[in-house]
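Following: one structure in structure tokens, then a few remarks.
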Amino acid sequence: MRANVELDHATLVRFSPDCRAFIVWLASGDTLRVFKMTKREDGGYTFTATPEDFPKKHKAPVINISIADTGKFIMTASSDTTILIWNLKGQVLSTINTNQMNNIHATISPCSRFVASCGFTPDVKVWEVCFGKKGDFQEVVRAFELKGHSAAVHFFAFSNDSRRMVSVSKDGTWKLWDTDVEYKKQQDPYLLRTGRFEEASTMPCRLALSPDAQVLALASGSSIHLYNTRRGEKEECFEQVHGECITDLSFDITGRFLASCGDRAVRLFHNTPGHRAMVEEMQGLLKRASNESTRQRLQQQLSQAQEALKSLGALKK
């Protein structure tokens, strides 16, 4: 399906949770436009823009937009220190000042509870977007911070269950965090692992965390590096896979593939470190498994992961 952006072009696009709508950031209009799926007379479907765009509110270029998986709110973040929380009708529910000199990245967590940002300061700040029992917006409150880097944070990401976060900084390190904490009782996130990534000290980089948080993909320039997060070791390196700098990285929901873009192509890679991590985990669980049905299930998952590695020619002897 195609959707035309009349008299403008989009710089960012995000699907709604049900994929029956999407939002775009307009390059010239400097605002959000919503496209909804509608039925055509011939029975097919098309996407059409809603009659009115969102009001113009940002005073600096927008660096990211995001829709909560609950469908309750939209986030837009600009390169100054502003993050806006909108309802789906285009009304601003809350304005967040990140106090990070400037924003480099901001996003909504997969669980839809949190909005997080990083910037010029050496921390990642996380807020909770609170709704009442009837689904009515209440407030945005500070939740916790990821503290431990010694220079600006380039990028961060959540695991699929929002219980882990990973960050990469200009200090030349990446850090994996346990964020499954009771922050209302002043509990801070736990640092699980720190790894070296020298490229981050000289150039901006992006990252993606696999859904199970076992594999970290780091991109700098036009190359991608894959790390095992449990051991902190680099396992794969894909050199110069794009003609220009990589602009985005993402694992698919199964964690079997990694997608990257940076020029006119989107490239897909097999997540071999993910299969290896699965093999290690299943072998460890098998040693401790007590009953037969558990052993059979683990053996089946182990065989599938080994088979996947074998088919990719990546099974270590």
Side-chain angles (χ1 to χ4, degrees), residues 61 63-64 66 77 79-81 98-107 109 116-126 144-159 164-179 188-251 255 258-263 267 269 271-274 277:
I63 54 167
N64 201 19
S66 193
S79 62
D80 48 13
T81 59
T98 63
N99 289 315
Q100 288 173 314
M101 302 273 285
N102 63 323
N103 297 334
I104 296 172
H105 179 57
T107 193
S109 63
S117 79
C118 67
F120 187 73
T121 56
D123 46 26
V124 177
K125 293 182 178 177
V126 184
F144 53 85
E145 290 180 15
L146 305 182
K147 290 174 178 275
H149 285 295
S150 58
V153 176
H154 289 303
F155 214 79
F156 66 88
F158 289 89
S159 64
R164 297 281 183 274
M165 285 180 75
V166 67
S167 54
V168 62
S169 161
K170 203 171 178 177
D171 63 14
T173 68
W174 58 264
K175 292 181 185 289
L176 179 71
W177 312 81
D178 178 348
T179 51
D188 288 322
Y190 301 102
L191 178 62
L192 298 173
R193 170 131 358 260
T194 298
R196 295 294 308 167
F197 186 59
E198 298 297 344
E199 289 88 340
S201 54
T202 54
M203 57 180 8
C205 50
R206 296 182 78 94
L207 61 79
L209 187 60
S210 64
D212 59 7
Q214 299 266 24
V215 180
L216 166 65
L218 284 156
S220 66
S222 58
S223 301
I224 299 170
H225 310 260
L226 296 182
Y227 286 79
N228 174 301
T229 57
R230 203 181 310 166
R231 293 193 310 274
E233 294 169 7
K234 188 193 287 194
E235 290 209 3
E236 299 278 352
C237 184
F238 305 123
E239 299 276 358
Q240 291 163 347
V241 289
H242 286 280
E244 295 167 38
C245 281
I246 291 166
T247 52
D248 215 349
L249 272 181
S250 179
F251 283 94
L258 174 72
S260 68
C261 63
D263 39 32
R267 306 205 190 280
F269 302 90
N271 178 15
T272 46

Neighbour count >12 (heavy atoms, 6.0 Å) for atom CE, Met101 = no
Quick one: salt bridge (charged side-chain N to carboxylate O under 4.0 Å, His left out) partners of Lys234, sequence neighbours excluded?
-> none
side-chain hydrogen bond (donor to acceptor under 3.5 Å, both in side chains) involving Ser159 - partner list, sequence neighbours excluded | Asp161
CG on Asn103 to CG on Asn64, rounded to 0.5 Å | 10.5 Å
So, for Thr107 and Ser66, which heavy atoms are closest and what is the spacing to 0.1 Å?
-> OG1-OG, 3.9 Å
Of all residues at least two apart in sequence or in a different chain, which pass the side-chain hydrogen bond (donor to acceptor under 3.5 Å, both in side chains) check with Ser260?
-> His242
Backbone N or O of Ala213 within a donor-acceptor pair of the Thr229 side chain at under 3.5 Å?
-> yes
Apply side chain to side chain contact (heavy atoms under 4.5 Å, CB included) to Ser79 and list each qualifying residue two or more places apart in sequence or on a separate chain.
-> Ala60, Pro61, Ile63
Only counting residues at least two apart or in another chain, list the ones meeting side chain to side chain contact (heavy atoms under 4.5 Å, CB included) with Pro211.
-> Asn160, Phe251
From Lys125 NZ over to Asn99 CG, what is the distance, rounded to the nearest 0.5 angstrom?
-> 5.0 Å
Qualifying residues under salt bridge (charged side-chain N to carboxylate O under 4.0 Å, His left out), relative to Glu145, sequence neighbours excluded = Arg142, Lys147
Can you run down the ring pair (Phe, Tyr, Trp, His ring centres under 6.0 Å) pairs that involve residues 214-237, sequence neighbours left out, and say none if there aren't any?
-> Trp174-Tyr227, Phe197-His225
Got more than 12 heavy atoms from elsewhere within 6.0 Å of CZ, Phe238?
-> yes
The reported gap from CG in Leu191 to CG in Leu146 (rounded to nearest 0.5 angstrom) is 9.5 Å
For residues Met165 and Val126, determine if any side-chain heavy atom of one lies less than 4.5 Å from a side-chain heavy atom of the other.
-> yes
For the pair Leu226 and Leu258, evaluate side-chain contact (heavy atoms from CB on, under 4.5 Å) and give the outcome as yes or no after the intermediate values.
-> CA-CA 10 Å; Leu226 296 182; Leu258 174 72; 3.9 Å; yes
Flag, side chain of Ser223 to backbone of Gln240, donor-acceptor distance under 3.5 Å = yes
Kindly give the heavy-atom pair with the smallest separation between Val124 and Ser167, and that separation in Å.
-> CG2-CB, 4.2 Å
Donor-acceptor pair, side chain of Thr121 and main chain of Gln100, under 3.5 angstrom | no
The complete set of salt bridge (charged side-chain N to carboxylate O under 4.0 Å, His left out) pairs with one or both residues in residues 215-225, sequence neighbours excluded, reads none
Nearest heavy-atom pair of Leu218 and Leu249: which atoms, and what distance?
-> C-CD1, 4.2 Å
Give the minimum heavy-atom separation between Ser169 and His149, together with the two atoms involved.
-> CB-ND1, 3.1 Å
Kindly indicate whether the side chain of Asn228, heavy atoms from C-beta on, has any atom under 4.5 Å from the side chain of Pro273.
-> no
Mind jotting down which residue pairs meet the salt bridge (charged side-chain N to carboxylate O under 4.0 Å, His left out) criterion with at least one end in residues 170-179? Sequence neighbours excluded, please.
-> Arg164-Asp178
Where Gly255 and Asn271 come nearest, the two heavy atoms and their spacing | O-ND2, 2.7 Å
Counterpart residues, side-chain hydrogen bond (donor to acceptor under 3.5 Å, both in side chains), relative to Asp248 (two or more places apart) | Arg206
Nearest 0.5 Å, what's the OG-CE distance between Ser220 and Met203?
-> 5.5 Å
Hey, could you give me each pair passing salt bridge (charged side-chain N to carboxylate O under 4.0 Å, His left out) that has a residue in residues 190-204? Not counting sequence neighbours.
-> Arg196-Glu198
May I ask you to decide if the ring planes of Phe156 and His105 are parallel, tilted or perpendicular, using 30° and 60° as cut-offs?
-> tilted
Smallest heavy-atom separation, Asn102 atom then Thr81 atom, equals N-CG2, 4.1 Å
Set of side-chain hydrogen bond (donor to acceptor under 3.5 Å, both in side chains) partners for Thr272, sequence neighbours left out | Glu236
With distance as the sole test, does Asp212 use its side chain to make a donor-acceptor pair with the main-chain N or O of Gln214 at under 3.5 Å?
-> yes
